[in-house]
Structures are given as structure tokens and as C-alpha cells.
> 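For reference, the structure I am asking about is given below.
Order of the sequence lines sets the chain letters (A, B, ...), proteins ahead of strands, with each chain counted from 1.
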Amino acid sequence: MERLAIHHANGMEMVAVKDSAISENGTERTLYPYVTGTSVIGMKYKDGVILAADMGGSYGSTLRYKSVERIKHIGKHSLLGASGEISDFQEILRYLDELILYDNMWDDGNSLGPKEVHNYLTRVMYNRRNKFNPLWNSLVLGGVKNGQKYLGMVGMIGTHFEDNHVATGFGNHLARPILRAEWREDLSFEEAVKLLEKCLLVLLYRDRSAINKFQIAKITDEGVTISQPYALKTYWGFSAFQNPSKGAEGSW
Amino acid sequence: MARFAADAPTRGGFSFDLCQRNEMLLKKGNQLPTFRKTGTTIVGLVFEDGVILGADTRATEGPIVADKNCEKIHYMAPNIYCCGAGTAADTEAVTDMVSSQLQLHRYATGRESRVITALTLLKSHLFSYQGHVSAALVLGGVDITGPHLHTVYPHGSTDTLPFATMGSGSLAAMAVFESKFREGLTRDEGIKLVSEAICSGIFNDLGSGSNVDVCVITRGQTEYLRNHQLPNPRTYVSSRGYNFLKGHTEVLSTKITPLKSKVEAAAEVDAMEE
């Protein structure tokens with residue numbers, strides 16, 4: 001945890017620098033996240049872009065909130081999914097609200113597409129990181145404008161890139177191998193949902209902060225659809241789970 | 001160090017006496033040398049006739065690949081094999097040691113070794129070293145009581161599972177297993193799934209790479225398929241490989257020195273001693 005030292009020179013206190021970590025009111029920059037959301041996964045499919053995330057907000061190791069919507073639509077052409085600190089996600093939504101509002105006020109027939117929103121988010125995240133006060137999120141930005149599909153990611157330090165399929169948090173380790181092996185250019189909506197659910201199931205089994213309540217959001221040229229929350233079917237019926245120490249009495 | 005009986009015989013094994021000195025040196029800034037880790041993907045699964053183990057073949061020393069084609073599936077008994085992740089020296093030493101102990105036990109009992117015997121020997125050894133022996137193992141075999149698959153962690157805890165993965169690539173491999181495993185796989189399906197899981201680790205984890213080793217253990221027969229898949233071949237720019245034909249290199253000058261004129265058979269020299 002970096003702390004800027006406040007030097008005393010000749011017994012006089014230096015004027016507190018604007019982004020000093022410590023002031024009389026306590027620390028003024030984000031050091032660690034408190035209420036966090038876990039992975040978001042997204043991929044392009046034939047007609048557009050599809051995102052999925054669960055609805056859990058963990059407070060450390062407690063599952064505090066179970067109806068957090070971590071995917072929101074931005075303007076007409078974009079979807080934003082976020083993992084990490086929930087309050088920072090809400091702050092980002094406010095920034096984007098203002099951005100879209102100003103864009104609408106121009107009333108010039110143009111509207112901000114996913115590429116522009118992605119670029120704006122990159123600048124915001126990178127500038128906050130440079131001031132040692134990051135927005136503690138990994139963002140997934142997907143959208144379609146004029147038939148062009150777009151899917152990108154921005155991290156909390158400003159790392160950004162575009163790809164055919166993305167994942168944040170634990171999804172990097174568990175979902176990405178599956179997506180790399182099984183994603184294709186021309187997936188239909190049903191196939192894309194099936195592939196996404198495959199990844200979500202693995203995350204549900206193996207990520208301790210995942211819960212069995214998901215939302216899937218899709219965006220096409222026609223518009224945005226964010227599904228109602230639903231659950232996946234898990235399988236626990238392996239015979240080895242019934243009596244694990246069957247052949248090995250006394251072991252566990 | 002408190003001793004409950006002043007005249008207890010000195011036992012062999014690791015002496016923790018130097019730990020205080022090591023800590024003091026670390027505080028002074030003297031770094032311990034790093035050890036070679038296997039940064040690995042190892043997997044095992046139970047299929048209808050027995051157990052299949054799989055491993056990648058890359059051994060890393062920090063960011064460098066120390067061994068491109070090492071063997072991570074270790075022999076324990078004719079019907080029991082063990083994959084090892086963690087510090088290479090620790091996995092080698094502990095599996096060799098338990099393998100010898102199992103052999104002696106076979107001589108004493110006159111019976112085939114059981115997987116839980118190997119399991120108990122491994123876990124009690126690792127527990128007594130409190131996690132300092134950094135060996136994470138996937139132990140599998142088929143004995144008189146059936147097929148068994150276990151994972152052993154460095155601190156000495158174990159799990160009994162239908163499918164298991166360990167090492168840095170374990171999440172990538174587990175993603176494949178969780179989405180594709182089902183009970184009662186045939187031998188070919190099992191080998192295919194194991195290879196897929198190891199390949200997932202090889203291509204998605206930086207600590208794993210090179211080739212796929214597979215070991216199939218069934219009642220009465222074990223097949224060790226070393227380098228079952230080689231998905232990372234050396235690629236040459238030319239399809240013929242490196243093959244320098246005459247005429248590829250421009251000859252600037254030639255000087256031939258016949259050696260025969262230098263060597264003179266001295267007639268007066270005696271013959272060599274017999």
C-alpha cells in the first residue's frame with residue numbers, strides 16, 4: 001500500500017499536496033475494494049454481442065447482496081458489465097449518464113457508439129490510476145453500431161483491448177480456456193447462450209464468490225435485452241461423491 | 001526446544017534448528033536462492049476400467065524454462081503412479097522415497113500395493129514437514145479394492161475425487177473437466193479428455209507447456225504413454241528443416257594443406273610396449 005510521506009522541513013509543515021494520501025479527515029484514495037462483484041464474461045456472436053454476469057455483491061467473504069445488476073446499457077448502442085468495487089461501478093454509470101446526456105443534447109442525429117464509450121472509459125480509468133486513486137473495476141464494454149460488432153475490456157489501471165471474447169476476474173482462468181477452444185465466428189444466439197452457460201457453470205462450481213443467479217444481456221442492431229435473473233442446474237450426483245472413503249476406510 | 005522425555009532417542013529427519021538463523025539472514029537482506037518449480041498442469045480421472053493420469057512436460061526456474069521435456073508422472077508401484085507439481089526436487093524425492101517404502105512393504109506382505117498405503121505414507125511425511133516440502137501430488141492407481149484417485153496437498157491434506165487437477169494450470173484444466181466429465185467414460189474418451197485438459201493448461205497457462213504425458217492404469221495392466229501428444233513442435237522456416245546443400249555458401253578462397261607430408265614415420269623408433 002503506497003503512502004506519500006509528509007515531510008517536515010525546519011519544523012514547518014509542507015503544504016499538503018492535492019493528492020496526498022493522508023489528510024485530517026483520513027485517507028482519500030482507494031486502497032482496497034469493499035463490496036465486490038465477481039466475473040463477467042462476454043463474446044461476439046452472429047447478430048451482436050452477448051454478456052453474462054451473476055448478481056452477487058460480496059462484502060469480503062460474506063455474500064451481502066444477492067440482486068446486484070452488474071450489466072447496464074449505455075445509450076442506444078452499448079452494454080457495460082463490471083466486476084470489482086460496486087460503488088465505483090455506480091460512479092462510472094453516473095459519469096456515463098452525463099456523457100450520454102451531453103451527447104443527446106447536441107441533437108445532431110449522431111449517437112456515441114461502443115468504440116467511443118470504450119475510449120472514454122479508458123481515459124477515465126487511466127487518469128484515475130495516474131493519480132493513485134483508481135476506480136477498482138474491470139469493465140466489459142460490448143455493443144453494435146451500424147452493423148459493426150464491438151467488444152472490449154478496460155482494467156483498473158487503464159489496460160484496454162478489443163477481442164472476440166473477454167472475461168474478468170476468475171473468468172480469466174476458468175472461462176477463457178473454454179472460450180478459446182470453442183468460440184466461433186458464426187454462433188447463433190442459442191449456441192452463444194449455451195457456451196456462456198457452460199462457462200458460468202464452471203465458475204459457479206469453482207469460484208467461491210459466484211452465486212446461482214445470473215443475468216444474460218444481448219445487444220444487436222435492434223436494441224438491448226437484459227434477461228430476468230435465472231439459475232443454472234448443477235449436478236452433484238457423481239458416485240464418487242456418495243461415499244468418498246469407500247475403498248479407503250479411515251481416510252478422507 | 002522442549003522435550004517430553006530427556007532421554008528420548010534422537011530421531012532422523014529434518015532438523016528445524018537453522019530456521020532461526022535463516023530468518024535472521026533474510027532480515028539482513030540475504031535472499032535465499034530460488035528453487036526450480038515445475039509450474040505445472042497435472043490431472044487425473046477415473047474411467048470405467050481404472051484411472052488415467054496426465055501431465056505437461058515443462059519445468060520452470062522463475063521465468064526460464066529449465067527442462068522442455070521433463071517427466072512429471074512418477075512410478076510408485078506397478079499399479080500406482082503419481083503426478084507431481086511444486087518444487088521438482090521435493091516431488092522427485094518424496095515419490096522415490098514412498099516408492100521404495102512400498103517395495104519393502106510388498107516384500108513383507110507378499111501382496112500387491114494398495115493406493116491408500118501410498119496415500120497414507122505420503123500424507124504423514126508431508127504433514128510432519130508442515131508444508132515445507134512443497135509437493136502437490138495427484139496419486140492414482142488400481143488395486144484389489146478398485147480404482148482410486150487422490151490429491152495430496154503440501155501440508156498433508158488429501159481428497160478422494162472422480163477427477164482432479166493440480167498445479168498452476170489447474171484452473172484451465174478444471175474448466176475442461178467441469179464442463180465435459182461424466183461417469184463411465186471409455187478408455188479412448190478418457191484419454192481424449194485428459195489430453196484436452198492438459199492442452200488447455202499448456203496453451204492457457206504460462207507455467208505449463210511442451211508435450212502431453214498420459215498414463216493409463218487398469219486392473220493388471222499399466223500403459224505409460226510418454227509424449228502421447230506433441231502439440232508444440234519445432235517449426236522450421238524451410239519445410240526441409242536445416243539442410244545446407246553444397247553451393248549455398250559462397251566460397252571466397254580455398255587453401256588445402258595435405259597432412260600426410262607432416263607425419264613422418266621414424267624408422268629408428270622402437271615398437272610400442274606390448
Side-chain angles (χ1 to χ4, degrees), chain A residues 38-39 41 43 52 54 163-183 191-210 212 214 232-252, chain B residues 41 44-48 51 114-120 122-124 139 141-152 156-165 168-185 196-206 208:
Chain A
T38 180
S39 347
I41 14 179
M43 65 168 123
D54 73 357
D163 207 346
N164 290 323
H165 46 78
V166 294
T168 67
F170 252 97
N172 271 313
H173 299 105
L174 291 168
R176 234 176 247 267
I178 302 178
L179 292 171
R180 279 185 180 159
E182 298 185 23
W183 182 85
E191 291 172 327
V193 171
K194 244 181 104 201
L195 183 55
L196 227 45
E197 286 187 345
K198 200 180 208 186
C199 299
L200 289 174
L201 195 57
V202 178
L203 285 168
L204 180 60
Y205 283 136
R206 296 284 164 176
D207 177 5
R208 81 165 187 178
S209 28
N212 199 359
F214 302 100
L232 291 173
K233 218 157 129 14
T234 54
Y235 179 70
W236 299 94
F238 293 120
S239 62
F241 286 166
Q242 304 314 331
N243 192 5
S245 57
K246 181 166 60 134
E249 290 305 321
S251 87
W252 66 91
Chain B
T41 310
L45 63 72
V46 177
F47 73 111
E48 66 183 354
V51 168
R114 300 194 186 190
V115 182
I116 47 167
T117 317
L119 183 70
T120 312
L122 284 167
K123 74 156 81 166
S124 27
L139 175 72
V142 182
D143 57 31
I144 193 71
T145 55
H148 297 279
L149 179 69
H150 302 280
T151 51
V152 188
S157 66
T158 58
D159 290 312
T160 311
L161 297 165
F163 56 92
T165 66
S168 57
S170 64
L171 282 86
M174 186 51 89
V176 172
F177 272 172
E178 282 283 18
S179 48
K180 295 191 178 160
F181 179 82
R182 50 186 177 77
E183 303 218 274
L185 291 164
E196 248 188 83
I198 299 290
C199 281
S200 174
I202 287 176
F203 292 117
N204 292 301
D205 174 44
L206 296 175
S208 314

> Under a 3.5 Å distance rule, please check whether B:Glu178 uses its side chain to pair with a backbone N or O of A:Tyr205 as donor and acceptor.
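Here the side-chain-to-backbone pair does not exist.
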> Between A:Gly237, A:Ala175, A:Pro177, A:Ser239, which residue shows the highest count of heavy-atom pairs closer than 4.5 Å to chain B?
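When all of A:Gly237, A:Ala175, A:Pro177, A:Ser239 are compared, A:Pro177 has the most.
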> Checking heavy atoms, do the side chain of B:Phe177, its backbone, both or neither come under 4.5 Å from chain A?
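For B:Phe177, there is no contact with chain A at all, as no heavy atom is under 4.5 Å.
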> How many angstroms lie between CD in B:Glu183 and OH in A:Tyr235, if you round to the nearest 0.5 Å?
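Result: 5.5 Å between the selected atoms.
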> Where does A:Ile178 contact chain B at under 4.5 Å (heavy atoms): side chain, backbone, both or neither?
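Only the side chain of A:Ile178 comes within 4.5 Å of chain B.
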> When you compare the side chains of A:Arg176 and B:Asn204, does any donor N or O come within less than 3.5 Å of an acceptor on the partner?
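A:Arg176 vs B:Asn204: no donor-acceptor pair found between side chains.
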> Against chain B, label A:Glu182 side chain, backbone, both or neither, depending on which of its atoms sit under 4.5 Å from a heavy atom there.
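Contact with chain B is through the side chain of A:Glu182 alone.
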> CG of A:Leu232: more than 12 outside heavy atoms within 6.0 angstrom?
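It does: A:Leu232 CG has more than 12 such atoms within range.
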> Got a second to check how far A:Phe238's CZ is from B:Phe163's CZ, nearest 0.5 Å?
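Here the interatomic distance stands at 4.5 Å.
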> Can you name the closest pair of heavy atoms from B:Phe203 and A:Arg180 and give their distance?
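Closest approach of B:Phe203 to A:Arg180, heavy atoms only: O-NH1, 4.2 Å.
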> Check A:Leu174 against B:Leu171 and note the closest heavy-atom contact, atom names and distance.
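Shortest heavy-atom contact: CD2-O, 3.3 Å.
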> Out of curiosity, B:Ser170 OG to A:Arg206 CZ, how far, rounded to the nearest 0.5 Å?
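Taking OG in B:Ser170 and CZ in A:Arg206, the distance rounds to 9.0 Å.
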> Within the structure provided, determine whether A:Lys198 and B:Lys180 are in side-chain contact (heavy-atom separation under 4.5 Å).
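A:Lys198 vs B:Lys180: side chains touch.
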